[in-house]
2 protein chains.
Amino acid sequence: MRDVSRLAGVSRMTVSRVLSDPELVLPTTRDKVFKAVADLGYVPDKTAGSLSSRRTGFIALMLPTLTNANFAAVAHGLTDALRGADYHLLIAYTDYDMAEEERQLRNLLARRPEAIVLTGAMHRRNASRMLMAADVPVVEIADLPSQPIEHAIGFSNYQVGRTAARYLLDRGFTRIGAIAASPEGEVTDHRGEERMRGFEEELRLARRSTDGVLRHGTAPVSFHHGAAAFRALVEQQPDIEAIFAVSDLSAVGAVMEAQRMNLRIPQDISIMGFGDFEIGREINPALTTIHVDFHALGLRTGKMLVDLLASDATPAPSTVDVGLRIVERASVRDR
Amino acid sequence: MRDVSRLAGVSRMTVSRVLSDPELVLPTTRDKVFKAVADLGYVPDKTAGSLSSRRTGFIALMLPTLTNANFAAVAHGLTDALRGADYHLLIAYTDYDMAEEERQLRNLLARRPEAIVLTGAMHRRNASRMLMAADVPVVEIADLPSQPIEHAIGFSNYQVGRTAARYLLDRGFTRIGAIAASPEGEVTDHRGEERMRGFEEELRLARRSTDGVLRHGTAPVSFHHGAAAFRALVEQQPDIEAIFAVSDLSAVGAVMEAQRMNLRIPQDISIMGFGDFEIGREINPALTTIHVDFHALGLRTGKMLVDLLASDATPAPSTVDVGLRIVERASVRDR
DNA sequence: CTGAAAGCGCTTACAG
DNA sequence: CTGAAAGCGCTTACAG
C-alpha cells in the first residue's frame, strides 16, 4: 500500500479510502490511485485490514462432510446468499467426529469469524461452551436442536422418521422395516439415528412390530452400506414388505441389491429413502423419498446472517423449521 | 492476551511463548499461563498473529465445484496431509466459471495464502498473471497443463480419452461413440472436452468414424445429462456398439436410460465411464471405468506443500503425472 | 528464562 | 476532500 501511495502521490489513507469507498474521494485523485493499483497489481492485505477494523469478513461453516450432496448444497446456498456481501466462508468438516468438531471449532475461532454456522443438535460440552462464549451469532442448521444455542434453521430428523413410517403404514403395509448404520461404530450418524427413533416410535404408536428395524454396519451410510444392510434385513425377515432407508444413498444401494437378488421393487418389496439425491430420480424404479430443500436452507441461513451482521441490535434467538415433503415415485406401491 | 498475562502474572511475551513453544518456558510459569488460558477460555487471535509473523497459515484451494465426489476427495486428501501441520485450507469454488475464478482468486490473494492449489490448465490471462505475481508456491492439480505455472500434480484428460478409445477398439468394436456436454453452453467443461479430444484422436488414428461422438446439452454433466445424451445418441446412431461417457455420472445415467429403453448392457451396447464413482460399483451391471486416485492426488499435493513451505529454498517447478487405470467391470463386453 | 520495544499493514477517529 | 496519529493483537529481534 505504501508503494501505491507513493506512486499515486497521495497518503496511504487516501489509498485506503479509494479502495473501500471511492465516492469519498475526488475523481482525479481516485483515478491516480486506481492506476497505481493496476500498475503494481496491488491486492490489499485483508489480514491487516481485519485486525484494524475488527471485522474479518469470515463466516465459519462446519459440516460433517463435504462429500454429501445435501451438505454441499447447503454450502452452495450459503455462498449464493453471501455473494456480493463480501464475506468469505471458512469451511471445516468434522468427518462425523465429535472430537474433531471441537478441534476444528478452536481453529475456526482463532480466525475470529463474524458468525458461526454448523450442523446442529449434537455437540460436546466443551464445543457448546466455546460456541456460547464466542460472542458472535451462532446458527445451527439442518438438524433442529431441542435446545438451540442461539439461532436454528432446519428440520426435525425425528419427524422424518415418523413421516416415513406413517407413509408406509398408510399404504397398508404391516411388515415394515428400516435400515441404518449401527450407532456403535467409530463414528455415529446422529441424524440418521434420530430418523430411526422417529420411525420406531411411529410403528409403536401403530402397534406394529419394530423387529424389521435393522441397525447394521458402520456410519456414514453409502450405496454399499445400503446394499449390505438390505441383504441382511431380507435374510433376517424374509417376509418384509416395505423398507425405509435413512438415506437415499442406502436406499439406492438397497434397490441395486434387490435387483441382484431378483427381488422386484416395488412388487416384492417397497423401498423409500431420505434426502432426494439426484441418483434416486434416475434409477429404475425411481425412488420414493423425503425431500428437504437444502439449497434453500443454505440461502436462508446466508440471508439471515447478512441481516444479522448489518444491524447493531442483537435479535432474539429464532428457530425456523423448513419442513419436509414426501416425493412419491415408483419404488413404493400400495399393498 | 493481555487478560491472560495479567491473570498469570507474566508478560504478554511469555504468554505468546507458552502458546507457540511451551518448551521455552519454565514449567511453573508455563502452568500458570495454561491455567489462566483455560480459566478465561482464551483463544489466540490468528489474524493478529498472521500479520505479525507474516505467516497466515492459509493454503488456498480453488476447485470448480464441491459437489463432485472426486474434487471432494482431493480436498479430503489435502486436509489429511495438512492435519497436524497447522495449516488451514481456504476453499473457494468457481462453478466452472472462468470469470468467477478470477474474482475468487483476488479474494483469496487478499488473505495472503502461503500457497495456492487450483485445478490446472485453463485460466484467464489475468488469473495467470495474478498467480505468477503471487510470490507463493502454486500447484495446479487434476488437469496437467501443457505449460504449468509452477508445480503440477495430476493426469492428462487427453490421455483418458485416448485410453478409453483404445480400450474399446481393442475389444473389437468398430461403431464406437462418446457422450459429453456441448462446449457451447454457458459453462464449459474443459476437462471433459479434453477427454473428447483424445477420444476422437484415437478413433481417427484407427481410421474409425467419429460420427458417434456426441456433444449434447450443457455442462456440468450429471446422471440426467447422461440419460438424455444416451437417448439422443442411440436415436441418431441406432447401430452404435460401445460408448464412452466423459464421466461416470453420465455413464450411470446412460445405463439407467438403457434399462428404460429395454436395451441390455452390455449385450446390446457397452458403456464405460470415467472417474470411478461409488455408484458405478453398485449399479447392475457394474460400470467399467477409468480410475484416478484423487484422494492420493490431494494427499500428495499436501505433502509436497508441507515440504515446500518448510524449506527456505525455492525448488524447481515439478510436474507429477499420477496416471490412470482402467477398471474392468461388467458394462463392457468383447465384441 | 523472561521482558520492553518496535512493527506487521491496514482502518478508525480526528483535525484541518 | 485529504492527511497525521494512534492502535488493532499479536510476534520478532533484542537485551538482560
Side-chain angles (χ1 to χ4, degrees), chain A residues 1-34 36-37 40-58 86 88 106-114 134-136 312, chain B residues 1-34 36-37 40-58 86 88 106-114 134-136 312:
Chain A
M1 176 149 138
R2 161 154 278 142
D3 296 341
V4 175
S5 76
R6 261 202 286 260
L7 185 58
V10 298
S11 73
R12 288 180 292 156
M13 195 50 243
T14 299
V15 175
S16 171
R17 255 190 290 256
V18 169
L19 263 18
S20 63
D21 190 354
E23 296 304 304
L24 260 41
V25 178
L26 225 52
T28 56
T29 319
R30 192 193 302 163
D31 291 344
K32 277 190 293 188
V33 172
F34 278 137
V37 166
L40 295 171
Y42 169 71
V43 178
D45 183 336
K46 283 224 185 198
T47 299
S50 299
L51 181 61
S52 180
S53 67
R54 315 187 55 56
R55 295 201 45 225
T56 59
F58 280 133
D86 207 33
H88 205 129
R106 185 176 305 276
N107 283 341
L108 251 16
L109 252 19
R111 300 292 183 176
R112 297 295 188 265
E114 296 181 44
D135 198 34
V136 294
D312 313 309
Chain B
M1 177 149 138
R2 160 152 279 139
D3 296 342
V4 174
S5 76
R6 260 201 288 258
L7 185 58
V10 299
S11 73
R12 288 179 292 156
M13 196 49 243
T14 300
V15 175
S16 171
R17 256 190 290 256
V18 170
L19 263 18
S20 63
D21 190 355
E23 296 304 304
L24 260 40
V25 177
L26 224 53
T28 56
T29 319
R30 192 193 302 164
D31 292 344
K32 276 190 292 185
V33 172
F34 279 137
V37 166
L40 295 171
Y42 169 71
V43 178
D45 183 336
K46 283 226 184 197
T47 299
S50 301
L51 183 60
S52 180
S53 67
R54 314 186 58 54
R55 292 202 45 224
T56 58
F58 280 132
D86 207 34
H88 204 130
R106 184 176 304 276
N107 283 341
L108 251 16
L109 252 19
R111 301 292 183 177
R112 297 296 187 267
E114 296 181 43
D135 198 34
V136 294
D312 312 310

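The sequence lines fix the lettering, A, B, ..., with proteins before strands; numbering per chain opens at 1.
- The two residues A:R106 and B:V43 have their closest heavy-atom pair at O-CG1, 3.9 Å.
- Rounding to whole angstrom units, CG of residue A:D3 and P of C:dC8 are separated by 13 Å.
- Nearest heavy atoms, B:E114 versus B:T56: OE2-N, 3.2 Å.
- Going from atom CZ of B:R6 over to atom C1' of C:dG3 covers 16 Å, rounded to whole Å.
- Contact between B:S50 and A:R111 at its shortest, heavy atoms only, is OG-NH1, 3.8 Å.
- A salt bridge between B:D86 and B:R55 is absent, with no side-chain N of the basic residue lying under 4.0 Å from a carboxylate O of the acidic one.
- Atom NZ of B:K32 and atom P of C:dC1 are 15 Å apart (whole Å).
- The base of D:dG9 has none of its N or O atoms less than 3.5 Å from a complementary donor or acceptor on the side chain of B:T47.
- Comparing B:V10 and B:S53, the nucleotide of DNA chain C nearest to each residue sits closer to the 5' end for B:V10.
- Across the protein-nucleic acid pair, A:R55 atom CZ and C:dG9 atom C1' stand 18 Å apart, rounded to whole Å.
- How far CG of B:D45 is from OG of B:S52: 11.0 Å, rounded to the nearest 0.5 Å.
- Here the nucleotide nearest the side chain of B:D45, chosen from C:dT11, C:dG9, D:dC10, is D:dC10.
- If you check C:dC8, D:dC1, D:dA4 against the side chain of A:L26, the one that comes closest is D:dC1.
- Rounded to an integer number of Å, the gap from CE of A:M13 to P of C:dG9 is 17 Å.
- Considering only side-chain N and O atoms, A:R112 lies nowhere under 4.0 angstrom from the phosphate OP1 or OP2 of D:dC8.
- Across the protein-nucleic acid pair, A:R12 atom CZ and C:dT12 atom P stand 15 Å apart, rounded to whole Å.
- For B:L109 against B:A134, the heavy-atom pair with the smallest separation is CD1-CB, 4.2 Å.
- If you check C:dA13 for Watson-Crick or wobble pairing at under 3.5 angstrom, you find it has no partner at all.
- In this structure, CZ on B:R112 lies 10.5 Å from CG on B:L51, to the nearest 0.5 angstrom.
- B:L51 places its CG atom 10 Å from the C1' atom of D:dT11, with the value rounded to the nearest Å.
- The A:T29 side chain lies nearest to D:dT2 when the options are D:dG9, D:dT2, D:dC10.
- Close to D:dC10, at under 4.0 Å from its OP1 or OP2, lies a side-chain N or O of B:Y42.
- Note: CE (A:M1) to C1' (C:dC10) measures 6 Å, nearest angstrom.
- Within the shown strands, nothing qualifies as a pairing partner of C:dA4 under the Watson-Crick or G-U definition with both distances less than 3.5 Å.
- For DNA chain D, the residues of residues 14-23 of chain A within the heavy-atom distance limit of 4.0 Å (strictly under) are A:T14, A:R17, sorted by number.
- Within the structure, side chain to side chain donor-acceptor pair (under 3.5 Å) pairs that include any residue of residues 11-26 of chain A comprise A:S11-A:T14 (at least two apart or interchain).
- Out of C:dG3, D:dG3, C:dG7, the shortest distance to the side chain of B:S52 is found at C:dG7.
- Considering only the side chain of A:V25, D:dT2 comes nearest among D:dT2, C:dA4, D:dC10.
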